[in-house]
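Following: one structure in structure tokens, then a few remarks.
Naming convention: chains lettered A, B, ... in sequence-line order (proteins, then strands); numbering from 1 in each chain. Model, not experiment: these values are computed from the prediction.
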Number of protein chains: 2
Amino acid sequence: MSERNEKFFTVDPKLVKSLRELVVEKIREGIVSGYFEEGEHLKERELSSMMGISTTPIKEAFRILENEGMLVTVPRKGTFVSEYASTSIEEILLLRASVESLCARLAAVKMNDEELQELEKLVLIMEGLHKKGDSEALLEQNSRFHQLIIDSTRNVMMQNILGNLRNIDKAFRKRALKVEVEREKGFHEHRAVFEAIKQRNPEQAEQLMKDHILRTKDNILAAEARLEGDRQS
Amino acid sequence: MSERNEKFFTVDPKLVKSLRELVVEKIREGIVSGYFEEGEHLKERELSSMMGISTTPIKEAFRILENEGMLVTVPRKGTFVSEYASTSIEEILLLRASVESLCARLAAVKMNDEELQELEKLVLIMEGLHKKGDSEALLEQNSRFHQLIIDSTRNVMMQNILGNLRNIDKAFRKRALKVEVEREKGFHEHRAVFEAIKQRNPEQAEQLMKDHILRTKDNILAAEARLEGDRQS
DNA sequence: AACTATACTCTGATATATCAGATATCATAT
DNA sequence: ATATGATATCTGATATATCAGAGTATAGTT
């Protein structure tokens with residue numbers, strides 16, 4: 001037993017999804033996809049009978065989504081789809097650039113050797129995928145790269161904020177577009193961020209991360225504009 | 001009726017506090033004040049009997065606090081005080097500087113004339129208080145100043161993030177310190193931020209706001225260090 | 001003494017019931 | 001015809017009941 005990788009045969013209880021989680025995802029999707037309109041009144045009982053469950057998990061989901069900014073609850077009135085729920089992709093990415101570059105700065109100071117090693121390993125893997133041109137797998141490792149840096153700050157608040165942003169981003173993408181392939185280009189930027197963290201250079205890490213996300217932002221917006229243009233012609 | 005200020009005699013339903021809100025505040029305080037330890041298991045039924053209410057509002061409060069990062073819920077295990085709930089004041093302020101400076105940038109673009117006028121009026125009021133040296137009142141207007149800028153972005157996500165940060169900040173302050181007087185010095189910085197927004201200069205507004213918050217951060221940390229020093233000697 | 005199986009208990013997850021504010025309807029009075 | 005009051009209904013807020021997983025203690029077997 002001792003030589004085996006013990007992590008292999010464990011189960012993470014966090015993978016269990018409660019009804020509440022399912023409801024959260026369903027409503028979030030509903031909002032982002034346009035199934036629910038801005039300002040629409042979401043009724044606990046109505047949703048509960050639609051979904052065939054009781055109101056309790058709905059209630060809890062409301063509180064989560066409210067905290068995320070997707071819903072607004074007015075006491076004794078009800079819960080409504082936030083008027084500004086459809087924050088522009090641009091602002092979401094600006095926010096991400098802002099918070100995540102701060103993470104990179106903190107990571108350059110706080111990341112321990114073990115984490116640094118893992119990050120290095122990841123960069124090597126990404127290099128391989130980059131050379132192979134396997135952008136599907138690269139994409140997945142990319143988000144692991146970002147997550148590692150975020151987690152190394154050991155700052156729950158930032159983890160939560162970025163987690164929320166990612167959720168929304170993800171929901172958006174479903175209907176939006178897949179310029180993700182673009183990100184293959186980002187490989188060199190990732191490597192640079194890693195180097196800055198390794199050198200324990202917070203300013204540089206922050207700046208590089210910011211530039212990286214802002215550049216992908218511009219690309220995403222450009223791609224979206226192009227799509228929009230195609231639709232017109 | 002027409003000449004009267006109609007806003008005067010309205011009631012904002014949002015001022016009604018539900019049990020859930022009270023529970024949120026109570027638990028947040030409990031965590032920040034150290035009444036609850038990190039990692040402590042918070043039990044719905046226990047809290048409900050302690051507080052003399054049912055478990056439903058407790059449940060909802062849990063979900064809000066979880067989303068804020070104060071609590072962690074493990075499915076089928078329970079809800080626990082986040083191990084890293086006590087994020088340092090420094091990181092909270094770094095985060096605030098980061099997000100709120102982005103708000104200032106957006107405000108310089110998105111703020112409408114009406115809001116701009118209100119901001120200008122506020123700056124004049126603040127100037128008066130500054131000259132009078134009424135730092136109590138100035139403090140209140142200061143936070144209104146920040147709030148106006150945040151709201152003008154019409155970005156719920158940022159509003160929520162900064163709302164959360166403020167809550168936590170507030171809870172911290174209770175046990176922490178009142179270097180708030182310091183902020184009287186910040187008046188000129190506020191005016192500068194306002195000018196940049198008025199000039200529709202996003203870069204400058206962002207930079208000035210960032211500098212402003214980072215400076216107050218340094219002052220707060222210095223004051224805390226001083227306090228710490230006093231305690232030692 | 002050690003191991004196992006069963007019962008008991010704790011607790012979160014979910015469902016249901018109750019209460020109270022908000023809104024709409026309608027009738028009645030002026 | 002309009003204003004006021006009574007009533008019904010919708011819905012969120014809260015309370016309570018039920019269910020099921022997880023842990024623990026206990027008793028029985030070898």
Review point. Would one find a side-chain N or O of A:His41 under 4.0 angstrom from OP1 or OP2 of D:dG12?
Key: yes
Exercise for review: Round to the nearest Å and state the distance from A:Phe80 atom CZ to C:dA22 atom C1'.
Suggested key: 11 Å
Exercise for review: Scan B:Arg45 against the nucleic acid and name what it touches under 4.0 Å (heavy atoms): base, sugar-phosphate only, or nothing.
Suggested key: base
Review point. To the nearest Å, how far apart are B:Leu19 CG and C:dG21 P?
Key: 13 Å
Check your understanding: Looking for any heavy atom pair under 4.0 Å, which part of the strands does A:Ser48 touch: base, sugar-phosphate only, or nothing?
Key -> nothing
Check your understanding: With a 4.5 Å limit on heavy-atom distance, are the side chains of B:Thr79 and B:Lys43 in contact?
Key -> no
Practice item. Check if the side chain of B:Thr56 and the base of D:dA15 share a donor-acceptor pair of N or O atoms closer than 3.5 Å. Key: yes
Practice item. Measure the distance from CG on A:Leu71 to C1' on D:dG12 and round it to the nearest whole Å. Key: 14 Å
Study note, to complete from the structure: Here the distance between atom C1' of D:dT11 and atom CZ of A:Phe62, to the nearest Å, is 11 Å
Check your understanding: Backbone N or O of B:Lys26 within a donor-acceptor pair of the B:Glu29 side chain at under 3.5 Å?
Key -> no
Practice item. Send over the distance from A:Arg76 CZ to C:dC19 C1', rounded to a whole Å. Key: 11 Å
Check your understanding: Out of C:dT14, D:dG12, D:dT16, which nucleotide sits closest to the side chain of A:Glu44?
Key -> D:dG12
Practice item. Report the distance from atom CZ of A:Arg20 to atom P of C:dG12, rounded to the nearest whole Å. Key: 11 Å
Exercise for review: Please answer whether the main-chain N or O of B:Glu37 pairs with a side-chain N or O of B:Glu40 as donor and acceptor at a distance below 3.5 Å.
Suggested key: yes
**Study point:** Whole-Å gap separating P (D:dT14) and CG (B:Leu22)
**Key:** 9 Å
Review point. Is the shortest side-chain N/O distance from A:Lys77 to OP1 or OP2 of D:dA13 below 4.0 Å?
Key: no
Study note, to complete from the structure: Checking C:dA15, D:dA13, D:dT14 against the side chain of A:Ile53 (C-beta onward), the nearest is C:dA15
Study note, to complete from the structure: For A:Glu100 and A:Met209, the nearest pair of non-hydrogen atoms, with its separation, is O-CG, 3.7 Å
Check your understanding: Okay, side chain of B:Ser98, backbone of A:Ser98: is any donor-acceptor separation there less than 3.5 Å?
Key -> yes
Practice item. Please work out if B:Leu42 contacts a base, only the sugar-phosphate, or nothing of the nucleic acid, heavy-atom cut-off 4.0 Å. Key: sugar-phosphate
Study note, to complete from the structure: Here the distance between atom C1' of C:dA13 and atom CD of B:Glu66, to the nearest Å, is 14 Å
Practice item. Output yes when at least one side-chain N/O atom of B:Ser54 is less than 4.0 Å from OP1 or OP2 of D:dA15, else no. Key: yes
